[in-house]
Asker: 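Here it is, the structure, as structure tokens.
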There are 2 protein chains.
Amino acid sequence: MPVCIVNPTPHIGDRIVTPLSDANPTPPERAAGRTDEALSADARTRSRPTMRHVATLAGVGVKTVSRVINGEPNVSAATIERVLKAARSLDYEPDLHAGNLRRADGRTRTLGLLVGSVDNPFAGAVHRAVEDAALARGVAVFASSLDDDPEREQAAVSAFLRRRVDGLILTTVSEDQAYLAPELRRGTPVVFVDRQPAGVTSDSVVSDNTAGAAVATRHLIAHGHRRLAYLGDRHDIRTAQERRRGFLDELGRAGIATGDAPVVEGLHDEETARQATLALFEADDPPTAIFSAQNLVTIGVIRALRELGRHLDTALVGFDDVPLGDLLVPGVTVVAQDPHAIGRIAAERVFARLDGDESSARRTIVPTRLIERGSGELPHRASAR
Amino acid sequence: MPVCIVNPTPHIGDRIVTPLSDANPTPPERAAGRTDEALSADARTRSRPTMRHVATLAGVGVKTVSRVINGEPNVSAATIERVLKAARSLDYEPDLHAGNLRRADGRTRTLGLLVGSVDNPFAGAVHRAVEDAALARGVAVFASSLDDDPEREQAAVSAFLRRRVDGLILTTVSEDQAYLAPELRRGTPVVFVDRQPAGVTSDSVVSDNTAGAAVATRHLIAHGHRRLAYLGDRHDIRTAQERRRGFLDELGRAGIATGDAPVVEGLHDEETARQATLALFEADDPPTAIFSAQNLVTIGVIRALRELGRHLDTALVGFDDVPLGDLLVPGVTVVAQDPHAIGRIAAERVFARLDGDESSARRTIVPTRLIERGSGELPHRASAR
DNA sequence: CCTAACGCTGACATCGTTGTCAACGGGGCA
DNA sequence: TGCCCCGTTGACAACGATGTCAGCGTTAGG
């Protein structure tokens, strides 16, 4: 086995390629064998074995093979043995989709999951929960990233539907999901996560955005802050709107003028959030406390505050937890969502629908939890500047 | 739209469920219509429309619909128009798998991806890169978590194969992937990521584990440390073995006795790593520097060092980057992998194979990069204790 | 002893689509 | 005019599996 020693400080992007011994010398080729011997020899090598190959080798009919593979009753023990042996020797794997074409229930045992980005920790947790629920039922999960792009949303849904997924779990960003109406009418379960649907009615599972934002805001106000800034996601995302509303409502409730509270929207990643924060502190009358409405935004804000050296005197509460948030100094106070619960519940809703639950659409609101770690408890003091 | 106010400090796990107006009132039922009117009416409502439904509505044959849907030539403009109109009005989506059954190339435009856990940031980045490459080719990605469970590995591969994925990108953990040999013989592209295959020969894309670990170790030694501990993953994972070897070899090269260097293995999450670290400091002669060989292990070590108040006098270099590692105090020095490159290259290998590349199997080694952030540059001083 | 019932089995149609092939009609050319 | 070619179209088989059904042999019951 060749060992490769790399330059101690290599440039990422370089790579070292090591050729190994020959493999896959057999070019792909579809079988056309018809005689029994041809079938058998052929299945054992190039082409993918079908039930007919197994049946021929076992000396039984295809239907009998089907019965054995699917564990149907009324096959003699000896026959089962022969069929299994043949299947093993050919390394036979049944074609789920071919079977599905004819099968009565028409289920592909497949789910489509659309999340913000499979790279985001929130999405990762949702995905993992969905997968765990799916695995228990032998269901595979297609995962796709949305990137807040409405076209990508529709393209992903279309790709899922062409592959005949049994159900959809969707984070959406388009104005309106009316395009899903025909599919819903056909009975395909669709559960919206993190975002609520518009233009159609279906199950959804979301965090309590308004209340969570209000809790965060109240927390900052309770520590003496009167000049609070909101930094959030695109305004056309309803989830972001709810968080903003929770923030502004709470300001109003505390008698703080909402008109001149700095509200920055349209942030979608660390870098834009960082720059927005820097700009906020360049302007007159910078905030003494910040509510950041999304995990990547929170990280961008933290970076900016560090750069400005204001992280110890500017209070911060973020919506959605941040990895290692407890190990930073100060610790990052957040309104934590429960992405694992969101994913699990969404999957449960899909499976309940598949199992025949025809009750009316349900909105499940998963509570958030304020986690105090320091950044949100920084008191207001006379401006440091 | 009902608004729900949640208890300010709710217990996560509770949830609020709001019933919405009725939806999906149509029970699922397979169509059996035969006459043209029945076909049409039926397709428009309950059942999923097929090409025959579209053909009937457009007044053409199914093959013509097939031609239009697939953009094949030799269909008159007027016919195309009629067919598209009919397809749109029925909200027709072709069945990729049915087509695939008959199609010459036999491609499902689907990929199977097996990673440690879709929840892990390394895996998320790999996944995202694979998805991006796949999206460009209209390929959907099945993602599945391995959890270092050999049975899960085989079950996942089997689930992928039953769904006839065009290619596999696998993180493996079983002793031996000989079970893949028949599939490889059939020409299915398989690319191993992060782990190298055993018992079969196929493409792989891995980080330069040995060199990376050596760089990390050399870095710690250069800062005066002589008592270095290794904390790593399960010993039966080859990737972990390589990192350990890189560590021990480098110790040897520096003339440090490897026999009594603390080497803790079998760690698989933050908690086990944390406890192992605590134990290390309870014993005599604790290390002054730690090399942690995996991202979750690194985090566990950091937590333990914080608890012990030793984070400012114990040097630490981790293998694989840690989210927000630059914002901790001290910053976490790591040997960063390039998971995005790993995923991208793996996907490129799969697609190259699908495009007919039959060159011999290739091992691509993606370099690592030492990122100095503070924790790895803590100097050795006389024991603080 | 006859018949019904049952366990076991395979022939056949079918699922939704595409590959093959032949038919049709019109235009260009000899 | 006759022929061929080509663009357009649809009938039909086939892909790999399952649902249906009928046939076989054996056993239980009358």
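This is a predicted model, so every value here is computed, not measured. Any value given below was found using the heavy atoms of this structure, including those in side chains, with hydrogens, waters and symmetry copies removed. Numbered from 1 within each chain, the chains take letters A, B, ... in sequence-line order.
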Asker: If you measure only the distance, is there a donor-acceptor pair under 3.5 Å linking the side chains of B/E153 and B/T172?
Answerer: no
Asker: Quick check on DNA chain D: between B/N74 and A/Y92, whose nearest nucleotide comes earlier from the 5' end?
Answerer: B/N74
Asker: May I ask you to check whether A/T56 and A/R52 show a side-chain donor-acceptor distance below 3.5 Å?
Answerer: no
Asker: Pick base, sugar-phosphate or nothing for A/V62, based on heavy-atom distances below 4.0 Å to the nucleic acid.
Answerer: nothing
Asker: Between A/D357 and A/S359, do the side chains contain a donor N or O and an acceptor N or O under 3.5 Å apart?
Answerer: yes
Asker: Take A/K63 and B/G61, find for each the nucleotide of DNA chain D with the closest heavy atom, and name the residue whose nucleotide sits nearer the 5' end.
Answerer: B/G61
Asker: If you find the nucleotide of DNA chain C closest to B/E93 and the one closest to A/T64, which residue's nucleotide is nearer the 5' end?
Answerer: A/T64
Asker: Would one find a side-chain N or O of B/T50 under 4.0 angstrom from OP1 or OP2 of C/dC15?
Answerer: no
Asker: Are B/R102 and B/D95 within salt-bridge range, i.e. N to O under 4.0 Å?
Answerer: no
Asker: Check whether the side chains of A/R163 and A/T108 place a donor and an acceptor atom closer than 3.5 Å, and report yes or no.
Answerer: no
Asker: Just to confirm, is there a sub-4.0 Å distance from OP1 or OP2 of C/dT9 to any side-chain nitrogen or oxygen of A/S76?
Answerer: yes
Asker: Give me the bend of the helix from C/dC1-D/dG30 to C/dA30-D/dT1, using the axes of the five pairs at each end, rounded to 10°.
Answerer: 50°
Asker: Send over the distance from B/R162 CZ to D/dA17 P, rounded to a whole Å.
Answerer: 12 Å
Asker: What's the CD-C1' distance between B/E81 and D/dT9, to the nearest Å?
Answerer: 18 Å
Asker: Please determine whether a side-chain nitrogen of the Lys or Arg among B/D166 and B/R137 lies less than 4.0 Å from a carboxylate oxygen of the Asp or Glu.
Answerer: no
Asker: Confirm from the modelled atom types if B/R103 and C/dT18 form a donor-acceptor pair under 3.5 Å, side chain to base only.
Answerer: no
Asker: Out of C/dT9, C/dG16, D/dT18, which has the shortest distance to the side chain of B/L101?
Answerer: C/dG16
Asker: For C/dC8 and A/T79 - does any side-chain N or O of the residue sit under 4.0 Å from the phosphate oxygens OP1/OP2?
Answerer: no
Asker: Record whether the side chain of B/R67 comes under 3.5 Å of the base of D/dG10 through a donor-acceptor pair of N or O atoms.
Answerer: yes
Asker: Side chain of B/A104: nearest nucleotide among C/dG19, D/dA17, D/dG19?
Answerer: C/dG19
Asker: Would you call B/E81 and B/K85 a salt bridge, taking side-chain N to carboxylate O under 4.0 Å as the test?
Answerer: no
Asker: If you compare every side-chain N and O of A/N70 against the phosphate oxygens of D/dT18 (OP1, OP2), does one of them come in below 4.0 Å?
Answerer: yes
Asker: When all nucleic acid strands are considered with a 4.0 Å heavy-atom cut-off, which category describes B/P94: base, sugar-phosphate, or nothing?
Answerer: sugar-phosphate
Asker: Is any side-chain nitrogen or oxygen of B/S66 closer than 4.0 Å to OP1 or OP2 of C/dT18?
Answerer: yes
Asker: With heavy atoms under 4.0 Å as the rule, sort A/D95 into base, sugar-phosphate or nothing.
Answerer: sugar-phosphate
Asker: To the nearest Å, how far apart are A/E72 CD and C/dT9 C1'?
Answerer: 13 Å
